[in-house]
*Asks:* 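Below is a structure I'd like to ask you about.
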Amino acid sequence: MERFKELGLSEPILHGIEELGFETPTPIQERVIPVVLSGCEDLVALAQTGTGKTAAFGLPLLQSLDFDDKRIQALILSPTRELCVQICNDLTKYSKYLPQVKVTAVYGGTDIRKQITTLEKGVHILVATPGRLCDLIRREAVNIDSVRWVVLDEADEMLNMGFQEDLNFILDETPKERNTFLFSATMPVEVERIAKNYLKNPQEITTGKRNQGADTVSHIYYQVMAKDCYETLRRVVDCEPDMYAIIFTRTKNDARDIVKKLQKDGVDCDALHGDLSQAQRDDVMARFRAKLLKVLVATDVAARGLDVDNLTHVINYNLPDDIESYTHRSGRTGRAGKEGISVSIINARESGKIRRLEKMLRRPFTFCKVPSGEDVGRAQLHYYADKVVTVEPKADVDKFSEELFAKFAEMDKEMLIRKVFAYEFGKLLKKYRDAKDLNIMDAPKPKSDSKDRSGYKVFSINAGRNDGFSPRSLMEIINYCAPRRGMDIGGIRMGNDETKFEIDVTGVKNFPRFFEGIQFEDIIIKVRELDEEPTSTPKVKKDKWSRERRDGGEGRSERNRGDKRGRRDGDGGGNRGKRGKNNTAQNRYRRAQAEGAKRNSKGGKRGK
Ligand code: AMP
């Protein structure tokens, strides 16, 4: 709470959020709250969904209201009914100890007369969808010329949904001296245009990078034949008994079709698409929120503005066409600092799309093997067994204990377990008994577009000209140590005592760690990342160099095996430590160098 206090929030607000369990501000709150409280004019904040942005703008607005003025002081525009309701509910909770505050939401699809009656009673903060607000303005049922703050929430989504003209109309109706705060998860040109036309010298606040998803989301993908997409989905869902997910499809027919199949396969799910009435939509959402449904199968349009916390997974049954949609989809998991997984099921021709997403989001996408039938069975059995082990006996059941014990009196523990599991999982295991291998490849060969430099970073190695070190030595070391073959090396700058080099480390975590324990001549090699922008174009493809290796066949085959396992692990080298201690690439390199040193008696600098 201390940190919230330091941001300048007042007691009643601190009290309200403390009851909600807030302890420290999220990054967007750290940045936005003091700026709004200080009376900043306009603000553009690039923030993903689930980062706490409602409180970021909501808390300082609540604190800045003039309770004697019964007119609308703050107007929050948001793309969907769900989001409006969510924002209104959140603000009501935050202002529990400011009972004078009146917040209301207006949106389409419900009785406009009731909304007009509420507005007539006076509100301080109005949360609205653009369409319904325009309607109310035209009926002269609402007056927004007293508004001091306008918040455009999820501006990119509002524009995606075709609210451009409505936004122009509404903003023209508000006073010129208003403060405007624009929040958007992505910054396409249309949003930049709105910012340019309607905001005055806005402060820019970015948490995370442009077009970059939340840090808490891991991105994984499965690559299968198009005809096996459904079977892959089913295995992925069956492998995660605790899954609570949204599956995104491109069309409503796909959504309907998948729901039908999943329901037939015993998964609790339903579809959300444009053909549902508001009442049907509300019903599906209520069941999903109550976790009566394990998965919701939705189209992008239908899922806009959906606000569901604690999703464990987002599944892209089809990859969306643009990065903005992918960012929005994956941003529905990994919210409020929790871990989430964004899964994509792609066909043989879609590897390029994954690489583009990797580069634009600057996030690694990990290739995963489709679970086998045995993997699914094991996941289910272990989940059930863990539940049984941890459950507390219940008095309601205990009263039947004597009768139950009598039934199993003749049976030993092993037999009892076998029978219970056979009863519970016999059907499922039978279903998966002959499950075929759906993988079409072991692991992709990483490939870099030589013009795209987004994955390049600059590193320094502690050996230079004076040590007899050369670009060739550098490539030799990289060849031995790098977590995968074919890494693109950019510019190399030799110094007397150190060498700087640029390399595409897309998908590789903590590149320097792969050089630990390596020795060149008798220098213990240290590689560190530099805070410098890569400059030159790639010069060397390491693949080419690999063909010039000196150590022959044994090294190559060892290398290949390491490659496969490493990449499947997702960190490009996770299994390296499992190889025989004396057979690692590092040790071979060290040995090779020692022998080379004896032969050449090169006078390098020792013990640096
Ligand atoms: P939002 O991005 O505003 O939709 O917030 C996402 C979720 O994070 C909501 O459930 C909020 O209640 C929760 N939240 C927002 N700020 C905090 C915070 N500082 N600490 C804990 N939870 C928060």
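One-based numbering, in listed order, for ligands and for the atoms of each.
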*Asks:* How about Lys5: does its NZ atom have over 12 heavy atoms from other parts shown lying under 6.0 Å from it?
*Replies:* no
*Asks:* For ligand 1, which is the ligand I care about here, please tell me if Gly21 has any N or O atom under 3.5 Å from one of the ligand's N or O atoms.
*Replies:* no
*Asks:* Is it the case that ligand 1 has an N or O less than 3.5 angstrom from some N or O of Glu23?
*Replies:* no
*Asks:* The criterion is side-chain hydrogen bond (donor to acceptor under 3.5 Å, both in side chains); which residues satisfy it with Asp270, sequence neighbours excluded?
*Replies:* Arg287
*Asks:* Compare Phe4, Phe183, Phe22 and give the one whose heavy atom is closest to atom 20 (N) of ligand 1.
*Replies:* Phe22
*Asks:* Can you list everything that forms a salt bridge (charged side-chain N to carboxylate O under 4.0 Å, His left out) with Glu18? Sequence neighbours excluded, please.
*Replies:* none
*Asks:* So for atom CD, which belongs to Gln100, do other residues, nucleotides or ligands contribute more than 12 heavy atoms lying within a distance under 6.0 Å?
*Replies:* yes
*Asks:* So, is Asp309 polar-close to ligand 1, with some N/O to N/O distance under 3.5 Å?
*Replies:* yes
*Asks:* Which of the numbered atoms in ligand 1 are below 4.0 angstrom from a heavy atom of Thr24?
*Replies:* 18 (C), 19 (N), 20 (N)
*Asks:* Would one find more than 12 heavy atoms of other residues, nucleotides or ligands at under 6.0 Å from atom NZ of Lys260?
*Replies:* no
*Asks:* Tell me the contacting part of Thr54 for ligand 1: side chain, backbone, both, or neither, using a 4.0 Å heavy-atom threshold, strictly below.
*Replies:* both
*Asks:* If the contact criterion is a heavy-atom separation under 4.0 Å, does Ile17 count as touching ligand 1?
*Replies:* no
*Asks:* Once you measure the plane-to-plane angle for Phe365 and His219, does it fall in the parallel (<30°), tilted (30-60°) or perpendicular (>60°) bin?
*Replies:* parallel
*Asks:* Using a 4.0 Å cutoff against the non-hydrogen atoms of Thr51, which atoms of ligand 1 qualify?
*Replies:* 2 (O)
*Asks:* Heavy atoms only, cut-off 4.0 Å: how does Gln86 contact ligand 1, side chain, backbone, both, or neither?
*Replies:* neither
*Asks:* Among side-chain atoms of Asp242 and Tyr383, is any donor-acceptor pair under 3.5 angstrom?
*Replies:* yes
